6 protein chains.
Amino acid sequence: MEKMVLRERLIEFLMEDLGMGDVTTEAIVPVDAVVSAHIIAKEPMVVAGLYEVSIIFEAIGVNFKARVKDGERVNAGTVLVEVYGRARDILSAERTVLNILMRMSGIATRTRRLVDILRRAGFNARIAATRKTAPGLRLLDKRAVVVGGGDSHRFRLDDAVLIKDNHVRIAGDVKEAVRRARSAMSFSKKIEVEVQSLEEALEAAECGVDILMLDNMSVEEAKHTIKALKDRGLRGKVVIEVSGRIDEKNILEYAELEPDVISVGALTHSVRAADISLEVVEVSERRLS
Amino acid sequence: MEKMVLRERLIEFLMEDLGMGDVTTEAIVPVDAVVSAHIIAKEPMVVAGLYEVSIIFEAIGVNFKARVKDGERVNAGTVLVEVYGRARDILSAERTVLNILMRMSGIATRTRRLVDILRRAGFNARIAATRKTAPGLRLLDKRAVVVGGGDSHRFRLDDAVLIKDNHVRIAGDVKEAVRRARSAMSFSKKIEVEVQSLEEALEAAECGVDILMLDNMSVEEAKHTIKALKDRGLRGKVVIEVSGRIDEKNILEYAELEPDVISVGALTHSVRAADISLEVVEVSERRLS
Amino acid sequence: MEKMVLRERLIEFLMEDLGMGDVTTEAIVPVDAVVSAHIIAKEPMVVAGLYEVSIIFEAIGVNFKARVKDGERVNAGTVLVEVYGRARDILSAERTVLNILMRMSGIATRTRRLVDILRRAGFNARIAATRKTAPGLRLLDKRAVVVGGGDSHRFRLDDAVLIKDNHVRIAGDVKEAVRRARSAMSFSKKIEVEVQSLEEALEAAECGVDILMLDNMSVEEAKHTIKALKDRGLRGKVVIEVSGRIDEKNILEYAELEPDVISVGALTHSVRAADISLEVVEVSERRLS
Amino acid sequence: MEKMVLRERLIEFLMEDLGMGDVTTEAIVPVDAVVSAHIIAKEPMVVAGLYEVSIIFEAIGVNFKARVKDGERVNAGTVLVEVYGRARDILSAERTVLNILMRMSGIATRTRRLVDILRRAGFNARIAATRKTAPGLRLLDKRAVVVGGGDSHRFRLDDAVLIKDNHVRIAGDVKEAVRRARSAMSFSKKIEVEVQSLEEALEAAECGVDILMLDNMSVEEAKHTIKALKDRGLRGKVVIEVSGRIDEKNILEYAELEPDVISVGALTHSVRAADISLEVVEVSERRLS
Amino acid sequence: MEKMVLRERLIEFLMEDLGMGDVTTEAIVPVDAVVSAHIIAKEPMVVAGLYEVSIIFEAIGVNFKARVKDGERVNAGTVLVEVYGRARDILSAERTVLNILMRMSGIATRTRRLVDILRRAGFNARIAATRKTAPGLRLLDKRAVVVGGGDSHRFRLDDAVLIKDNHVRIAGDVKEAVRRARSAMSFSKKIEVEVQSLEEALEAAECGVDILMLDNMSVEEAKHTIKALKDRGLRGKVVIEVSGRIDEKNILEYAELEPDVISVGALTHSVRAADISLEVVEVSERRLS
Amino acid sequence: MEKMVLRERLIEFLMEDLGMGDVTTEAIVPVDAVVSAHIIAKEPMVVAGLYEVSIIFEAIGVNFKARVKDGERVNAGTVLVEVYGRARDILSAERTVLNILMRMSGIATRTRRLVDILRRAGFNARIAATRKTAPGLRLLDKRAVVVGGGDSHRFRLDDAVLIKDNHVRIAGDVKEAVRRARSAMSFSKKIEVEVQSLEEALEAAECGVDILMLDNMSVEEAKHTIKALKDRGLRGKVVIEVSGRIDEKNILEYAELEPDVISVGALTHSVRAADISLEVVEVSERRLS
């Protein structure tokens, strides 16, 4: 059933590129021409998007065979997928399919790189995405993070409470904001508070919130804040997330503070596409049965 | 009327983030609370997306005042926009609005950088986007390129003929592919051929195609190809586009060959988001009339 | 912005009833006829749906003035709303508007009745809805429960983990199911387990899940289970929800066990519509400006 | 082709519940797990919704076998449906499927009960639904009434003329309202008039309308009205519908007046869901071919 | 509220023509340029579509003033509409607006011509449309017929019963087909039978159907059939519709048989567009406030 | 993949006619009845729409076998298609299917007639459609023109530049309009200018535009204009399109001027439907497997 959530959206992507038809292919490629083609990684990567792409090919009647799995690490030159079907369908879908694979694999690859940095250094913190996804691509971007080994974090504004500085400002203080949230929200949702200072962190933790986000704190600030929480016996009662301009260079400094979660907006807002191409390997004019 | 093309899509983006509602904001922020806020560039950039964002704010009834224009170059710290309206609406739309601005400004900024490199060196080639856009974001990505000073290139598979290697392979040779395209296509569309070699380039140019794309040619190969076209008096009869892994480092080498167009897929497939934030500058509980 | 989530759906409801037009009204009522009308409670009720209905009237250009608020308890005969506008618009929207108000007020009224039974007896448990809503009406049904003083519980399958008997069966046991959920799920979501026996309840609580649902337990079973949790010091560490055929007659028996939440499927699956009608109070043929 | 009318709507219902995915099931149930399950009536009922549910299961690739038919009366414990397929698909669709079956069977069961009361007492009047359906569920609610043995009445505002008190008031009198309707409306539609008094009934019948609705008349009033129509030789020329707070208790009193149609809004506005559950009967990890 | 039924569809028509934007107008016409323009009838016609076009102009923020009314007969050269607004909006909407007006006015003009032929000759039969409308244009085509003075006939397959030859063939005979229809259909719908012979006509009329369609009968056949109905006292009990290749040339021959309705498929399946153009009358670069 | 562009739209057409269901067919035709039927040309025509209709029948599960091909010329009485399937599906889809075939074949037939007139007289000019298509039918109308042997011309406002009189007026002169278009537009699009006079034609041609449309010029004017272009050596550098009230009667006069393209708005704005019917050839009550 996951397929149904994705299918309609993926077909919209095809249609966005197709408009009233692939005029080049319709003019040049005979209706009955059949090809087999390979989708090939042109650089090392963690692959993501194969499932999505399989749905597209199925929808347009092209035979799809994945040679690797979503989440697998591959080298340059690896054939990811073999497809076989009407040449027109494969050529017309090519760009959309690659755009999806390249973005998702780019996201998964970077997520995995960060996870690996932590694991190799012996840390268990989760790498989490944020809501800084490309508009319309929330679902695909989050899936790519998960395929890469990351945590999706909130899907939307409705699936957990996250109290930010502006909320606190309007409510008056953290305590009042938490009180309002707790009173109005379903018991089925967690409450997270974004804090900018040690004081706010303590205030929030004392309110018994589920998650504390130390936002844009320097390593030093975060360190003091976590220590203060420990000193008051609050560390074990709250999940700690650090966030704000964390990347490959400084992630271990934050990891050493042993937060539960490190969230990285750039995972989805500044994606470097993985290099992937589709190559026709055989052309025939046999009819498909 | 451009607005109508954009509006529905932009509202979908809001809804994607909103789900059944911004539970945090609804719990904490009083219905009548009113705020003014600034959208601020946190680094130097060429701004894009202001028009799109103005449509969103208008749709949700928030007063919007742009202090700069799309395409303007700004410094870090510049207030791009002032908004004034219901606190709930502004806070709930914040993330979507920033995601749009950050991506579009990132694209425009990089496009402008490449254009500037060319212009400063005295070259007139156009910088063009490709169809390597994020799925669902074709329109916004192309607009951002244009705002940055680039050329949108094809919108979709239906608005010009672009004969690629696989088409040529299926047709037999370039000549036959062009013949088929010319016979089946409307006279209102241009015909472009992607060529991998000097021979193909000459063959295509002799067919009288409108545009030649020298694809993934090294600077040397492209140089020889363009020279051969000149030698045969074909250079002036065809638009030349060079394409394939061109970036800030090597663009001037290609520009020296004086192509008409340099297309750069990374403009839209590997976007580095511009850093932009929204800051509430005043909270009141006055009612909006 | 809540409005935008609702608006499109509400207009679909209007269109469902309208088809190609209200042929009766178009034939009989002059284009310029203007009326004022009252929407009137025909029995005592807790009103819900006024906000939704205000969006409909705004969308069709009818002046709307609520005399009471969503969540207010009113007597039979109370005028809930005054509307003023084109007679055609008011008459054509009448049935849809009343269908919404009658269902939502029916839900809110019953929710409030259950909440009142608890509060008058001195209990604090929340009354929660389930996902047993009318297809397509998840958002409206949940809103009506909240207006009535209840808790919305999960919106959808994606906003919290709820491990049911079939999940446990497939995983092998509760522990394994919780382990899998914890490993695969975002840290931002709560984990609830539905348990059928004292043993399962203890197993789940020991896994540290956030919420325990005692499902279809008799009062006796639930009592023993909660006692066992207390004896092991687990009661304070987990939210307890009781569920299964609880209604006005037996709710206090369950409430005496001091669960945190009592969920009631019938709130939304077996709604008795509140009796509400629309009455035209004045007809004029003045033009609207 | 009925299927196509229903399919899209039914999938929307699935998606409403699914959001970005059934996070519990995806975390716990292996992709390849296969189950068979039974959908079971937990109380006596007239079943409705099997056709709708078969479309859902087909859409998600789950094997569906109905053991009874829509419209059949079953006892508690009856297995209505056997399904076999991917465990994930069955568990994720469970709630939506049951919500549909429970509502539709609830409607059909009550419709049948009223029909049976009439038939056993020897009356032939039709039991008809009204437009008081749940918003968005017009089609399903009407289908359930028909499955239960009732008459769907108007589908929408466009498929027959129904002149109500407000129309009469605006037109001036019944005669003028009928005249306007007849002049503006297609000859292909019937004209029904809702009347509150004997006088209006005679006026309408003399205009030659197709259907008279005696609205909210007491049994006595309705009796006098029908007698007056008979006395004037008008009874045979018009279909008579009685309407307004008719239920199991008073239906026979109205039936004795021998109306052609008895319409009952509560059939669809105050539905008591039939109790139905889905039980997994076997789990395997065999792959589906 | 009629507006809401139309609005979404009309905007789709705009978008169909606009694609990613009116590239010509955006390139050439300054954002702030303002024009006034006239929509002018280039030949005599009965105007239809003004209401639809007013909705489009309102949707895109262009000031619209109709100088004539839908259904009015105008001469060549008549200014139908004045518009004033952003030049870009007016130019980009021009083609879609004219396409709507030209088709609808073409339909209304021909409908009126046929009605006039009848009325001038002293006949009262209604001129009715069929379901032979352009795909997707059912609503607009039917509206144009009504504006022209015709009868819309059925909107869709669901708003009246129309038993055709294939239905009769499958049922066995007319009587059985009518029996099935009467038993399964709501009392709120009329039953029409399409008959090919005098015998079928009598059989259907004796079943008490509401409408008889004499389909593809020659004038002679229709004459005998109607006479036979009169002879048996059935004429007054049934509405008679004649249908099948009736046009300006032979309509009076059929009209002399005094049918109630004459239906003409060509009204909507073979439309001659009325000639209408849009002319800019003044260009300014004043800003719109 | 062309299929996907069409399929959703075609199903909307079915639904437009179906509403809540084909009440006649559902009442009369048994669920299991199976029929075979023929779709038959009732007059000579060039067939178009078979592909579209095959998609509809496939979508509703009816077996479809075309006996002729789109673009084939057939005589009256030719069986175009055999279908076999559930009687209900075939009867319910009949009208929509015929409406599509009749319109598209009407367009193709007239296009072919004009092409034939040219070819028989030895001219090579293309016959092109315009954007004067029925609202919502751009894709189908253009396809029918192409099937008939014509040129689709622009699909939408975004796929080529076409500078009209109003654009020129706002820009000041042709030169400035072309300059603006060239500067703002992608190099991938052609630029066409609509000219009303010899002077404008020369001005445009001298700007190097791709296409000149001689709009509403008399044969004499067009002749002088083309001669002037030749005299200045411009004829070979620009595609010439003539347009404006060209039909069967005067087309050869324009053809003698040897334009490249003759465009005819009436091809799609004033369609005479081809006469096509569906006839059931055999009824059985065998079940479909």
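Because the structure is a prediction, the values reported are computed rather than measured. Both backbone and side-chain heavy atoms feed into the values below; hydrogens, waters and symmetry mates do not. Sequence lines set the chain letters: A, B, ... in the order given, protein chains first and strands last, and positions in each chain run from 1.
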Check this for me, if you would: do [X] and [Y] make a salt bridge, where the nitrogen-to-carboxylate-oxygen distance has to be below 4.0 angstrom?
| X | Y | value |
| --- | --- | --- |
| D:R143 | D:E52 | yes |
| C:E43 | C:R272 | yes |
| D:D158 | D:R156 | yes |

Specify which of [options] makes the most heavy-atom pairs with chain C at under 4.5 Å.
| options | value |
| --- | --- |
| D:E176, D:R169, D:K189 | D:R169 |
| D:M185, D:M20, D:M15, D:H167 | D:H167 |
| D:A266, D:A37, D:A184, D:A273 | D:A273 |
| D:S183, D:G265, D:A87, D:A181 | D:A181 |
| D:I163, D:L139, D:D17, D:V271 | D:D17 |
| D:D159, D:L18, D:L14 | D:L18 |

Answer with side chain, backbone, both or neither: which region of [X] has an atom nearer than 4.5 Å to a non-hydrogen atom of chain D?
| X | value |
| --- | --- |
| C:M102 | side chain |
| C:R138 | both |
| C:V168 | neither |
| C:A177 | both |
| C:R88 | neither |
| C:R182 | neither |
| C:A160 | backbone |
| C:K164 | neither |

Can you list the residues of residues 89-97 of chain C that sit under 4.5 Å from chain D, counting heavy atoms only? C:L91, C:S92, C:E94, C:R95
Pairwise side-chain contact, [X] with [Y], heavy-atom cut-off 4.5 Å (strictly under):
| X | Y | value |
| --- | --- | --- |
| D:L98 | D:I39 | yes |
| D:E203 | D:V193 | no |
| D:L101 | D:L50 | yes |
| D:V264 | D:T111 | no |
| C:P30 | D:R180 | yes |

Go through the atoms of D:R179 and report whether side chain, backbone, both or neither lie under 4.5 Å from a heavy atom of chain C. neither
Interchain contact, D:R103 with chain C, by part (heavy-atom threshold 4.5 Å): side chain
Write down the atom of C:K142, the atom of C:R154, and the distance for their closest heavy-atom approach. NZ-O, 2.8 Å
Mark yes when over 12 heavy atoms from residues, nucleotides or ligands other than C:E12 sit less than 6.0 Å from its CD; otherwise mark no. yes
Verify the neighbour count for atom CD of C:E279: are there more than 12 heavy atoms of other residues, nucleotides or ligands below 6.0 Å? yes
To the nearest 0.5 Å, atom CD of D:E282 lies from atom NE2 of D:H38 at 9.5 Å
Taken to the nearest 0.5 Å, the spacing of C:R9 CZ from C:L140 CG works out to 8.5 Å
Single hit among D:N166, D:N216, D:D165 for side-chain contact (heavy atoms from CB on, under 4.5 Å) with D:E194: D:D165
Based on non-hydrogen pairs under 4.5 Å, which of C:L162, C:I100, C:T268 is most in contact with chain D? C:L162
Quick one: which of C:G19, C:A134, C:G136, C:S186 has the most heavy-atom pairs under 4.5 Å with chain D, could you say? C:G136
Ignoring hydrogens and geometry, is there a side-chain-to-backbone donor-acceptor pair from C:N250 to C:R245 under 3.5 Å? yes
